[in-house]
**Q** 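Structure provided below as structure tokens; questions to follow.
Below, read A as the first sequence line, B as the second, and so on, with proteins coming before strands; counting in each chain starts at 1. Keep in mind it's a predicted model, so treat the numbers as computed, not measured.
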Amino acid sequence: MIELRNVVKTFGRQAVLTGISFTVRTGESKIILGVSGSGKSTILKLILGLGKPDSGEILIHGCDITKMKESELMEVRKEFGMIFQESALFDSMSVRENVGYRLYAQPHANSETVDAQVERLLEFVGLSDAIDKMPSELSGGMRRRVGLARALVGDPPPRVLLYDEPTAGLDPVTSHRIMELILSLRDIEGATGLLVTQDLKVAWFFANARIVAKPDGTREFMTVPPAPAPDLTYLLLSGGQIRFEGTQQELLTSKDAYVRDFIG
Amino acid sequence: MMNNVKDVGDSVLGFITEALKALVFDVQAFSQLSWRACLNVFSRPLYMRDILFHMDRIGVSSVFIIVLTGFFTGAVLGIQSENALRRYGAVSLTGQLVALTLVRELGPVLTALMVAGRIGSGIAAELGSMVVTEQISALRALGTDPIRKLVTPRMVATVTMLPLLTIICNFMGILGGWMVAAYKLNISSRQYWADVINTLEFSDVFGSLAKPLVFGFIISMVACYVGLRTEGGTEGVGRSTTQSVVSSSILSLAADFFLNTLLIHLGGSLNL
Ligand SMILES: Nc1ncnc2c1ncn2[C@@H]1O[C@H](COP(=O)(O)OP(=O)(O)O)[C@@H](O)[C@H]1O
Ligand SMILES: [Mg+2]
């Protein structure tokens, strides 16, 4: 469970977040909307403890991470997988080393089990062939998928996934592919997810499409019935504040001029 | 008019206070980073593979330029010494002059400056681009301490490789001096080498190896500090690279001044 309480963050003189409070319970999904520069990425980084807020509390399972030392944060981060906006792959490492980084870095890592997990995840994102390539040899979409696979590695695997504009700048086919992966993590693995995006199409897709595992082991993808996933809420940032928080129904019927403008 | 003067005074004062504040902040943050990088040497995990990788990279990429730097510096010293020594009828002392100048001073300093340009800039650029592409954030998100993983190996590798490179520079310099002495000044090779070996004392060699330890630490830590502090995208990486070379060169030269003082003091009191 993640809870932000009145979080304030400034960079120099620029007030980016001026009092943000929300809660994401285990198993829930939240879509964070907002124009570019509204502080969406900043929120995800604060949740991971990659920066400290100026004031306010960030509770992970009830513990305030803003007061933790870096060594304690390392423990908390094990539960999280973050997909960075620009992939943030390690240039100097191969795809295999990137994806397995979290496990290879552990002392006494059993390289065979790690290899197996890396290969399984690369198969999941459809990049088994690229295992020995370097990040510079990959296209934008491939990099994003490697970043996704890297975020999913862990022992045990992370249960909370933070997606920072996972499809921004990609072509529709690749975007669709990545969204399907994200959906199956939510619908089949039951992962908690925070999806940051400024693209409403991505938000609708995440909210309304479904992946179902069929008894014969195959997976079926459904966009109908167009009912929003349960436990899914939207959050719209503007001017460092939460302008809107609620369900899809509430978002679509909001009377707020800014919200109406944003959803067009 | 009075107001204008006061305004200017205020803004100058404000500027100076800001600059001083930034300096104090830098010194504090730099010391913290250095302290943590050193502590990491004594605890697990020590990324041995990274240390060896960087030692290899630093050594291999610098050897050639160090060989050239040393050789030509020694040769120039040989030529210049003729000029200076002829007046006193002491051209035969060329070996002494070349060896002392190189081993005591030019070898360590020139090696440090070359490495600051070659390796320090590379470290700053590499870490800087890791910052702006969020690779540092990704490392932390995946449970790794970037100081342990990135700074400590580079520091250890530079500190161990710089004395070796200095030895190479010294040797090549003396070799360059010998070429000039033998073929231009008509000093016999035997006399030159005997001169070189007899002149050098333990304290000279000790100083020549102690200095690069300090320079290596300064160069690697400044490069890491400046690199990790990079802001403002690709442009920022360029700025960091330049700043790292300038700052680490100047700091190394300043350290050289204090080290010389210290070594002379030590040499005097220990009678080395
Ligand atoms: N490390 C930083 N230093 C200075 N300013 C930053 C930093 N990170 C983000 N900002 C600023 O904070 C604002 C919000 O950034 P961000 O959270 O990345 O926005 P979004 O992800 O919504 O596009 C931007 O104006 C950005 O310039
Ligand atoms: Mg962003």
Side-chain angles (χ1 to χ4, degrees), chain A residues 11-12 41-42 44-52 69-93 97-109 135-136 143 146-155 158 160-162 164-165, chain B residues 14 18 21-22 25 29 32-33 35-37 39-40 43-54 56-57 122-123 125-154 157 227-234 236-237:
Chain A
F11 288 111
S41 302
T42 304
L44 292 190
K45 284 179 203 153
L46 288 176
I47 290 173
L48 268 184
L50 297 177
K52 294 236 183 284
K69 290 193 304 234
E70 187 74 9
S71 55
E72 296 167 305
L73 285 171
M74 294 293 184
E75 280 306 307
V76 176
R77 287 178 192 143
K78 282 187 177 159
E79 205 189 334
F80 289 86
M82 168 112 175
I83 289 83
F84 286 86
Q85 199 166 353
E86 308 287 344
S87 311
L89 299 184
F90 305 126
D91 297 326
S92 58
M93 301 180 196
E97 288 166 324
N98 261 288
V99 174
Y101 185 82
R102 204 175 216 157
L103 296 179
Y104 289 124
Q106 277 177 358
H108 324 299
S136 56
R143 292 171 65 96
V146 173
L148 181 58
R150 180 176 72 179
L152 299 177
V153 169
D155 183 24
V160 185
L161 297 168
L162 312 177
D164 195 351
E165 310 207 19
Chain B
E18 284 301 309
K21 263 192 218 155
F25 175 83
Q32 256 171 22
L33 180 71
W35 175 241
R36 285 180 58 194
L39 278 187
N40 287 342
S43 61
R44 307 288 104 188
L46 187 65
Y47 292 99
M48 206 57 208
R49 241 182 58 189
D50 296 76
I51 294 179
L52 292 175
F53 172 80
H54 288 291
D56 184 55
R57 205 164 71 163
I123 293 177
E126 194 179 10
L127 296 195
S129 62
M130 287 186 79
V131 171
V132 302
T133 56
E134 302 206 283
Q135 290 178 57
I136 305 282
S137 298
L139 269 182
R140 291 172 64 206
L142 292 171
T144 299
D145 171 8
I147 299 179
R148 190 181 282 283
K149 172 82 179 164
L150 303 173
V151 178
T152 302
R154 284 167 174 79
L228 287 178
R229 225 194 34 180
T230 301
E231 279 175 3
T234 336
V237 177

**Q** Is A/Lys45 close to B/Glu134 at the side-chain level, that is, under 4.5 Å between some pair of heavy atoms?
**A**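 Of all side-chain heavy-atom pairs linking A/Lys45 with B/Glu134, at least one is under 4.5 Å.
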**Q** I'd like to know if A/Glu70 pairs up with B/Arg36 as an ion pair, taking the criterion as any Lys NZ or Arg NE/NH1/NH2 lying under 4.0 Å from an Asp or Glu carboxylate oxygen.
**A**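 Between B/Arg36 and A/Glu70 there is no salt bridge, as every charged N stays at least 4.0 Å from the carboxylate O atoms.
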**Q** If you count heavy atoms of other groups shown closer than 6.0 angstrom to CD of A/Glu72, is the number above 12?
**A** yes
**Q** Do A/Met74 and B/Asp145 make a side-chain contact, defined as non-hydrogen atoms from C-beta onward lying under 4.5 Å apart?
**A**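 Touching, per the 4.5 Å side-chain cut-off.
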**Q** Measuring heavy-atom distances to chain B, does A/Leu48 have an atom under 4.5 Å in its side chain, in its backbone, in both, or in neither?
**A** side chain
**Q** For a quick test of reading the model, state the closest non-hydrogen atom pair linking A/Arg102 to B/Leu142 and the distance between them.
**A**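 So the two residues come closest at CG-O, 3.8 Å.
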**Q** Can you tell which part of A/Leu89 gets under 4.5 Å to a heavy atom of chain B, answering side chain, backbone, both or neither?
**A**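 Just its backbone gets close to chain B.
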**Q** Taking atom CZ of B/Arg140 and atom CG of A/Leu73, what is their separation to the nearest 0.5 Å?
**A**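 The CZ atom of B/Arg140 sits 8.0 Å away from the CG atom of A/Leu73.
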**Q** Kindly check if the number of other-residue, nucleotide or ligand heavy atoms within 6.0 Å of CD (A/Glu97) is above 12?
**A**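 More than 12 heavy atoms, drawn from other residues, nucleotides or ligands, come within 6.0 Å of this atom.
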**Q** Write down the atom of B/Ala138, the atom of A/Ala88, and the distance for their closest heavy-atom approach.
**A** CB-O, 3.7 Å
**Q** Output the distance between atom CE (B/Met130) and atom CZ (A/Phe90), rounded to the nearest 0.5 Å.
**A**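 Between atom CE of B/Met130 and atom CZ of A/Phe90 there are 6.5 Å.
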**Q** Using heavy-atom distances under 4.5 Å, tell me whether B/Leu139 contacts chain A through its side chain, its backbone, both, or neither.
**A**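 Its backbone and side chain both get close to chain A.
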